[in-house]
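In what follows, a single structure is set out as structure tokens and then discussed.
Throughout, numbering of the chain's residues begins at 1 and tracks the sequence.
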Amino acid sequence: MSSTTARPGWRAKIHEVIYGTHTPAGKLFDVILLIAIVYSIIIVMLESVKSFDNQYHDFFNISEWIITILFTIEYILRVICVTKPKNYILSFYGIVDLLSTIPKYLALFIMESQFLTVFRALRLLRVFRILKLIRFVGEANNLTRALKQSRSKIFIFIFFVFIISIILGTIMYLIEGPDNGFKSIPQSIYWCIVTLTTVGFGDITPQTALGQMLATLIMIIGYGIIAVPTGIISAEYVSSNKSIAPNHGEACKSCGTDIIISDSNYCRKCGEKLSND
């Protein structure tokens, strides 16, 4: 039995609202939660701007307390409405929910609480739970599957790029040397990677004509390199789309529940056989 299986009675009704999306109450809950998450992230960002914080500090503080209390109530309800609370508490989303709720309480005991902003920003991860309960999960599953299937190709490609960076960086070190800013081979390799990825910080630049020619070549190679992993993942993604069952994005004909697993054979709620024709 999963960690989100509902308990009987009033807890089942709470479970239906919090974990369900096929009812008006469940959809309304998700919308309110999404608004609260986005609003809390905006508050976190605005608090980091000193001019805004000095002017609206009390408003930000009250807003944060209201959101924290709402998230605390939600967390408690999630724990009590499932049959196996421990499974939820130790799950990824359970840990995210807890870490994104406690910073305001810890701020009461820790004076220097700026680092707690990181945990408050974790609330943004909760958006994925909401999206997972809707129709976006099928596409997310396909993308995850494509990344897993292409991971060996991507690893080999990255390893090849690393070798190229070492070789070209060493050559640039021999061409330019310490007098032109390339003080060591590791620093030259750093420059090569920055140039190859088209970041171009500009903290080190070749001064000789030969070095500039090599830099031009590396830049051109960099544009070609960008397209390679994209092509690998895209090919796997298209292949993954062709292999999944066509019931993705539909709803169960028996109970109307959204089909959130693209390769499901049975409805997750009523157990009805899904059509794969």
Query raised in the report: With hydrophobic residues grouped by side-chain heavy-atom distances under 4.5 Å, do F201 and I204 end up in a single group?
Result: yes
Report summary line: By ring pair (Phe, Tyr, Trp, His ring centres under 6.0 Å), Y190 pairs with (sequence neighbours left out) none
**Report entry** Approximate separation, where rounding is to 0.5 Å, of I167 CD1 and C192 SG
**Finding:** 10.0 Å
Requested in this report: Could you tell me whether Y75 and Y88 have their ring centroids closer than 6.0 angstrom?
Outcome: yes
Query raised in the report: More than 12 foreign heavy atoms under 6.0 Å from CZ of F160: is that the case here?
Result: no
Report task. State plainly whether one hydrophobic cluster holds both I95 and V82, where clusters connect Ile, Leu, Val, Met, Phe, Trp and Tyr through side-chain heavy atoms under 4.5 angstrom apart. Result -> yes
Query - Spacing of D30 atom CG and I18 atom CD1 [to the nearest 0.5 Å] - result: 10.0 Å
Requested in this report: Find out if a path of hydrophobic residues (ILVMFWY) with successive side-chain heavy-atom gaps under 4.5 Å connects I163 to I171.
Outcome: yes
Requested in this report: Starting at CD1 of I156, measure out to CZ of R151 and round the result to the nearest 0.5 Å.
Outcome: 12.0 Å
Query - L214/I175 under side-chain contact (heavy atoms from CB on, under 4.5 Å): CA gap, chis, key distance, verdict - result: CA-CA 9 Å; L214 180 59; I175 294 174; 4.0 Å; yes
Report summary line: Closest heavy-atom pair, S165 versus I189, reported as atoms and distance to 0.1 Å, is O-CG1, 4.1 Å
**Report entry** For S51, the option from N54, V49, D53 that meets side-chain contact (heavy atoms from CB on, under 4.5 Å)
**Finding:** V49
Query raised in the report: Of the non-hydrogen atoms in Y39 and S63, which two are nearest, and what is the gap between them?
Result: OH-OG, 3.1 Å
Requested in this report: Identify the heavy atoms of L168 and I218 that sit nearest to each other, and give their distance.
Outcome: CD1-CG1, 3.7 Å
Query raised in the report: Between the side chain of E176 and the main-chain N/O of Q207, is any donor-acceptor distance below 3.5 Å?
Result: yes
Query - Atom pair CD1 (I41) and CD1 (I37), whose distance is rounded to the nearest 0.5 Å - result: 8.0 Å
Report task. Run the ring-centre check on F60 versus W65 and record whether the distance is less than 6.0 Å. Result -> no
Query raised in the report: What pairs with Q187 under side-chain hydrogen bond (donor to acceptor under 3.5 Å, both in side chains), at least two apart in sequence or on another chain?
Result: none
Query - Which atom of C81 lies closest to which atom of I14, heavy atoms considered - result: CB-CG2, 4.0 Å
Report summary line: For G202 and T205, the nearest pair of non-hydrogen atoms, with its separation, is O-CG2, 3.9 Å
Report task. Sort out for me which residue in T68, T72, N61 forms a side-chain hydrogen bond (donor to acceptor under 3.5 Å, both in side chains) with K104. Result -> N61
Query raised in the report: Say you draw a straight line from OG1 of T101 to CG of L98; how long is it, rounded to the nearest 0.5 Å?
Result: 6.5 Å
**Report entry** Spacing of CD belonging to Q212 relative to OG1 belonging to T216, to within rounding of 0.5 Å
**Finding:** 7.5 Å
Query raised in the report: Considering residues, nucleotides and ligands other than F157, do more than 12 of their heavy atoms fall under 6.0 Å from its CZ?
Result: yes
Query raised in the report: Are I32 and I67 in one and the same hydrophobic cluster, where Ile, Leu, Val, Met, Phe, Trp and Tyr link if side-chain heavy atoms are under 4.5 Å apart?
Result: no
Query raised in the report: Applying the 4.5 Å side-chain criterion to the ILVMFWY set and letting contacts propagate, would I221 and F159 be lumped into a single cluster?
Result: yes
Report summary line: Heavy atoms of S40 and F71 approach each other most closely as OG-CE1, 4.3 Å
Query raised in the report: Can T198 and M219 be said to form a side-chain contact (heavy atoms from CB on, under 4.5 Å), step by step?
Result: CA-CA 7 Å; T198 69; M219 294 175 198; over 6 Å; no
